[in-house]
A.B. asks: 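The structure under discussion is supplied below as structure tokens; questions concerning it will follow.
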There are 2 protein chains.
Amino acid sequence: MPTDCIFCKIIAKEIPSDVVYADEYVTAFRDIQPAAPTHILIVPNKHIASINDLTEADAHLLGKMNFAAKQIAKAEGVDESGYRLIINTGADAGQIVFHIHMHLLAGKKLGRLG
Amino acid sequence: MPTDCIFCKIIAKEIPSDVVYADEYVTAFRDIQPAAPTHILIVPNKHIASINDLTEADAHLLGKMNFAAKQIAKAEGVDESGYRLIINTGADAGQIVFHIHMHLLAGKKLGRLG
């Protein structure tokens with residue numbers, strides 16, 4: 001675990017957060033600067049900096065994250081109205097924290113792609 | 001395979017498309033209405049309508065899709081500049097085709113979330 005990774009610290013409960021889901025592979029918590037009425041970050045418990053750093057052996061963790069997203073959407077009551085899942089990699093996408101994270105956005109009509 | 005699913009027809013090569021990647025689990029092709037200089041759709045070969053319909057047994061396919069995204073980003077020369085991966089579910093997110101698909105967007109400074 002990198003000592004300076006904020007998401008590793010959240011997973012390790014060294015920094016408080018509003019955790020909505022956690023299991024052996026995945027932790028999910030509310031974004032503190034929400035871009036939609038529902039804005040949750042879903043992260044692998046293992047530190048992986050970005051999709052560029054994803055190995056074939058770790059790829060199944062992205063499956064776990066998507067399955068968690070389904071369950072979280074249902075728990076949040078947005079599964080029927082709809083939700084968007086976003087993973088940003090690198091500067092053009094605006095990735096700020098270099099620990100893979102999936103944004104779950106919902107609760108409003110979401111904008112255009114790109 | 002639903003007879004009316006356009007993505008199933010693309011996977012089965014019944015409809016032509018600009019395929020950039022294909023393996024046992026995943027097919028990827030260029031979006032015909034690109035929202036960014038690079039806009040590729042990555043789909044599981046198995047028909048799954050949406051993330052709401054994802055089973056735990058099929059979740060690994062989302063891992064395969066993300067690992068394919070990493071490889072495609074590199075092949076497209078956008079791995080260093082950055083890229084955004086988006087999966088839309090339901091009306092609020094603007095899902096139109098009900099076969100899970102991940103948008104890979106790159107080649108420009110991408111906009112805000114949501």
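What you see below is based on every heavy atom in this structure, not just the backbone, and it leaves out hydrogens, waters and symmetry mates. Residue numbering restarts at 1 for every chain, and letters A, B, ... go by the order of the sequence lines.
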A.B. asks: Any Lys/Arg nitrogen of B:K108 or A:D92 sitting under 4.0 Å from an Asp/Glu carboxylate oxygen of the other?
C.D. replies: no
A.B. asks: Please enumerate all residues that pass side chain to side chain contact (heavy atoms under 4.5 Å, CB included) together with B:A22, with sequence neighbours excluded.
C.D. replies: B:V19, B:T27
A.B. asks: Find the one option among A:H103, A:E56, A:H39 whose heavy-atom pairs under 4.5 Å with chain B are most numerous.
C.D. replies: A:E56
A.B. asks: Top residue by heavy-atom pair count (under 4.5 Å) with chain A, among B:L85, B:D58, B:L61?
C.D. replies: B:L85
A.B. asks: Tell me, please, which residues at least two apart from B:H60 pass side chain to side chain contact (heavy atoms under 4.5 Å, CB included).
C.D. replies: B:Y25, B:K64
A.B. asks: Hey, does the side chain of A:D31 reach the backbone of A:L104 with a donor-acceptor pair shorter than 3.5 angstrom?
C.D. replies: no
A.B. asks: Looking at chain A, which one of B:A59, B:S50, B:A106 has the largest number of heavy-atom pairs inside 4.5 Å, strictly under?
C.D. replies: B:A59
A.B. asks: Heavy-atom pairs under 4.5 Å with chain B: which of A:T89, A:D53, A:I87, A:T55 has the most?
C.D. replies: A:T89
A.B. asks: Taking all non-hydrogen atoms of both residues into account, name the closest pair between A:M65 and A:I42 and its distance.
C.D. replies: CE-O, 3.3 Å
A.B. asks: How would you list, in number order, the residues of residues 72-81 of chain A that have a heavy atom less than 4.5 Å from chain B?
C.D. replies: A:D79, A:S81
A.B. asks: Who pairs with B:N52 by side chain to side chain donor-acceptor pair (under 3.5 Å), at least two apart in sequence or on another chain?
C.D. replies: A:Y83
A.B. asks: Would you please indicate yes or no on a ring centroid separation below 6.0 angstrom for B:F29 and B:F7?
C.D. replies: yes
A.B. asks: Any sub-3.5 Å donor-acceptor pair from B:Q95's side-chain atoms to B:G90's backbone N or O?
C.D. replies: yes
